[in-house]
Amino acid sequence: MKILNVNQLRECDQFTIKNKPIFSINLMEKAASESCQWLLKNANPSDDFIIFCGNGNNGGDGLALARLLAQNNRKVKVVVNYGKKFSKDAVTNLQRIPETVPIIDASDFTRGIIRNSTVIVDAIFGIGLNKNIGQPWENVITEINNLSNRVVSLDLPSGLSPDGDKDSSIHVKANDTLSFHFYKKTFFHSETGINCGRIHVLDVDLSATYINEVVVSSFVADDAEVKRIYKARPEFSHKGHFGKAVVVGGSYGKTGAILLAGRVCARVGAGLTFISAPECAYSASLMQVPEAMFEFAGAREIEAINVIEDGEYGIGPGFGRTETARLALENFLRGHSRPILLDADALTLFSSHFNLLSWVPKDSILTPHPKEFDRLFGASPNSFARLELAKEMAKKHQLNIVLKDHHTQIVLHTGEVYYNVTGNSGLAKGGSGDVLTGIITSLLAQKYSPKEAAIFGVWIHGKAADLALKGQSKESLLASDVIESVGKVFNYLSK
Ligand SMILES: NC(=O)C1=CN([C@@H]2O[C@H](COP(=O)(O)OP(=O)(O)OC[C@H]3O[C@@H](n4cnc5c(N)ncnc54)[C@H](O)[C@@H]3O)[C@@H](O)[C@H]2O)[C@H](O)CC1
Ligand SMILES: [K+]
């Protein structure tokens with residue numbers, strides 16, 4: 001799904017109004033009616049509502065919502081700012097408020113009017129916020145954030161900007177955000193996403209023509225995207241159709257990492273899986289991944305990486321950071337021209353020997369977590385800046401960078417970014433990255449392009465972790481549980 005920036009979001013509204021055509025007041029009604037349906041379904045039957053309405057169209061949505069909730073016999077109050085002019089559609093909806101709905105001026109608001117059962121609806125600012133929030137809303141937002149009531153924001157939490165670049169210093173902290181028609185970039189970055197709660201995208205019937213034609217560089221890797229990538233396994237096939245995956249790593253004391261990568265590689269469907277590791281990993285490999293072939297790469301550390309003809313390589317889990325390991329990596333890179341995946345220790349080796357990067361085949365995939373990325377390319381003040389730097393580096397070095405995060409960003413050398421939406425905090429543990437390496441390597445072996453392998457691989461990893469939670473908790477989830485759930489992921493896809 002495309003992610004539009006703030007200017008495109010506005011343009012999409014205007015295009016819809018002009019070309020569908022639809023009156024802007026009716027578009028607002030649609031947004032309010034979808035929000036009303038959501039609240040009726042998701043709030044408790046005994047809950048009452050207080051809706052904080054700004055003076056722009058986000059406030060207009062809130063005022064229309066108040067009328068619709070009242071028509072559904074729900075108790076509702078609204079808070080507005082009479083000290084400022086309302087937008088045209090907000091005025092219309094203010095006039096349509098039934099007499100049974102109390103209207104309170106924001107400067108008279110006190111928290112005393114809020115009961116435990118009150119759901120707070122935030123319709124103060126939407127995508128139109130263009131400076132720091134002034135009074136009376138700053139005081140109101142501080143009060144809202146101090147209450148323990150459920151807070152539902154319309155379109156986005158007031159005070160945040162869709163692109164994450166013009167946030168007010170004060171903003172609402174929501175439990176749920178009802179976003180109109182699109183995801184917004186700000187939902188996916190840790191600094192701002194933490195204030196958005198659960199995201200629900202409501203269909204408000206914006207122009208399909210505009211959406212099809214608008215050119216964007218950011219996307220959500222949603223189910224539809226992934227189903228386009230997934231190639232069902234044909235029945236008339238043999239192991240030669242599904243390629244050779246080679247995972248390389250596992251020095252003494254870190255053999256588990258490469259065994260996890262090898263095990264998942266086989267589970268994801270590579271025709272043949274090779275574990276290229278030092279001898280110290282041999283017997284564990286035989287016991288734990290009997291399906292894989294073992295390639296001796298040294299005694300206690302990686303000394304040389306054997307070339308497997310037509311093999312697709314994932315290098316890094318437990319690779320080690322010694323000079324011997326570095327030389328082995330450099331020698332391999334000098335002789336290899338197809339895209340590979342590099343992770344963990346292999347990436348750390350690059351930070352001290354940046355010139356190694358020039359040997360990495362074009363279109364390869366790097367999978368750093370934020371610290372590895374910072375070590376490699378320099379520190380950034382926040383995740384928005386880190387993403388910009390990743391885009392620059394991906395383009396400069398013609399590589400794809402998988403920035404691992406709660407919403408991992410797949411940054412392609414073409415300038416496109418895909419945000420992943422599967423996964424949970426159970427993955428925030430040692431071993432998770434090794435599993436991701438194995439998954440992506442297996443997909444490369446099965447002739448998914450590096451772009452497809454990175455997007456699909458990150459999605460599979462998160463989805464397997466989500467499905468594994470049925471029998472585990474986020475605390476107890478192990479990387480091995482993620483591997484065992486891979487089967488459920490493919491069953492989900494082929495349904
Ligand atoms: N996307 C859709 O399909 C629909 C969206 N709608 C809603 O409209 C808002 C955007 O409305 P807009 O009037 O442009 O902006 P806001 O409501 O966010 O309010 C901004 C409003 O206030 C002024 N302003 C901006 N910053 C400040 C500030 N810091 N202090 C005071 N005043 C400020 C600004 O000039 C505007 O007038 C969108 O998010 C949706 O909720 C429609 O309902 C149609 C469907
Ligand atoms: K809002």
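In each ligand, atom 1 is the first atom listed, and ligand 1 is the first ligand listed.
The two residues Val119 and Ala43 have their closest heavy-atom pair at CG2-CB, 4.5 Å. Across His181 and Val204, no two heavy atoms sit closer than the pair ND1-N, 3.2 Å. Shown here for Arg375 and Ser351, the closest heavy-atom pair between the two residues is O-CB, 3.4 Å.
For atom 34 (C) of ligand 1, the closest heavy atom belonging to the protein is Gly128 O, 4.1 Å. In this structure, the protein non-hydrogen atom closest to atom 45 (C) of ligand 1 is Leu27 CG, 3.8 Å. For atom 10 (C) of ligand 1, the closest non-hydrogen atom of the protein is Ile127 CG1, 3.7 Å. Atom 21 (C) of ligand 1 has Gly56 CA, 4.0 Å as its closest protein atom, hydrogens excluded (heavy atom only). Nearest protein heavy-atom neighbour of atom 17 (O) of ligand 1: Asn58 N, 2.8 Å. Closest protein heavy atom to atom 22 (O) of ligand 1: Phe125 CE2, 3.8 Å. Protein heavy atom at the shortest distance from atom 6 (N) of ligand 1 is Asp61 OD2, 3.7 Å. Among protein heavy atoms, the minimum distance from atom 18 (O) of ligand 1 is reached at Gly126 N, 2.6 Å.
Ser476 and Gln472 form a side-chain donor-acceptor contact under 3.5 Å, judged by distance and modelled atom types alone. Inspection of the Asp105 and Ser107 side chains reveals an N or O donor paired with an N or O acceptor under 3.5 Å. Looking only at atom types and distance, the side chain of Ser87 has a donor-acceptor partner in the side chain of Asn57 under 3.5 Å away. Under 3.5 Å, the side chains of Ser24 and Asp89 contain a donor-acceptor pair of N or O atoms. For Gln446 and Ser442, the side-chain atoms include at least one donor-acceptor pair closer than 3.5 Å. If you check the side chains of Asp122 and Ser158, you find a donor sitting under 3.5 Å from an acceptor. No hydrogens or angles considered: nothing links the side chains of Asp47 and Ser117 as a donor-acceptor pair under 3.5 Å. Remark: the Asn7 side chain and the Glu11 side chain contain no N/O donor-acceptor pair separated by less than 3.5 Å.
Geometry at the K ion (ligand 2): O/Leu154 and OG/Ser158 form an angle of 170°, nearest 10 degrees. The OD1 atom of Asn58 and the O atom of Phe125 subtend an angle of 70° at the K ion (ligand 2), given to the nearest 10 degrees.
The K ion (ligand 2) lies closest to atom O when only the N/O/S atoms of Asp122 are considered.
For atom 42 (C) of ligand 1, a protein non-hydrogen atom is found at a distance below 4.0 Å.
Residue contacts with ligand 1, taken as heavy atom pairs separated by less than 4.0 Å, involve Leu129 via backbone and side-chain atoms alike. By the criterion of a heavy-atom distance under 4.0 Å, both the backbone and the side chain of Asn57 are placed next to ligand 1. If you look at Asn132 next to ligand 1, the close heavy atoms, those under 4.0 Å, all belong to the backbone.
The option with the heavy atom closest to atom 4 (C) of ligand 1, from among Asp13, Asn55, Leu4, is Asp13.
For ligand 1, the atoms lying closer than 4.0 Å to a non-hydrogen atom of Arg10 are 14 (O). Of all atoms in ligand 1, numbered sequentially from 1 with element shown, those under 4.0 Å from a heavy atom of Val204 are 3 (O). Against a heavy-atom cut-off of under 4.0 Å, Lys84 is close to the following atoms of ligand 1: 23 (C), 32 (N). Per-residue contacts place Ile133 under 4.0 angstrom from the following atoms of ligand 1 (heavy atoms of the residue considered): 29 (N). Atoms of ligand 1 found under 4.0 Å from any heavy atom of Lys131, numbered from 1 in the order shown, are 26 (N), 28 (C), 29 (N). Interface of Met28 with ligand 1, defined as ligand atoms under 4.0 Å from a residue heavy atom, comprises 43 (O).
Here Asp155 does not reach the K ion (ligand 2): none of its N/O/S atoms is less than 3.4 Å from the metal. Here Leu156 reaches the K ion (ligand 2): one of its N/O/S atoms is less than 3.4 Å from the metal.
Within a 6.0 Å radius of NZ in Lys75, other residues, nucleotides and ligands contribute 12 heavy atoms or fewer.
Looking at Asn400, Ile401, Leu399 one by one, the single match for side-chain contact (heavy atoms from CB on, under 4.5 Å) with Ser364 turns out to be Leu399.
Using a 4.0 Å cutoff on heavy atoms, Asn130 counts as a contact of ligand 1.
Phe219 and Tyr418 have parallel rings, their planes meeting at less than 30° on a 0 to 90° scale where 60° marks the start of perpendicular.
Salt-bridge annotation for Asp165 and Lys185: absent, with no side-chain N of the basic residue lying under 4.0 Å from a carboxylate O of the acidic one.
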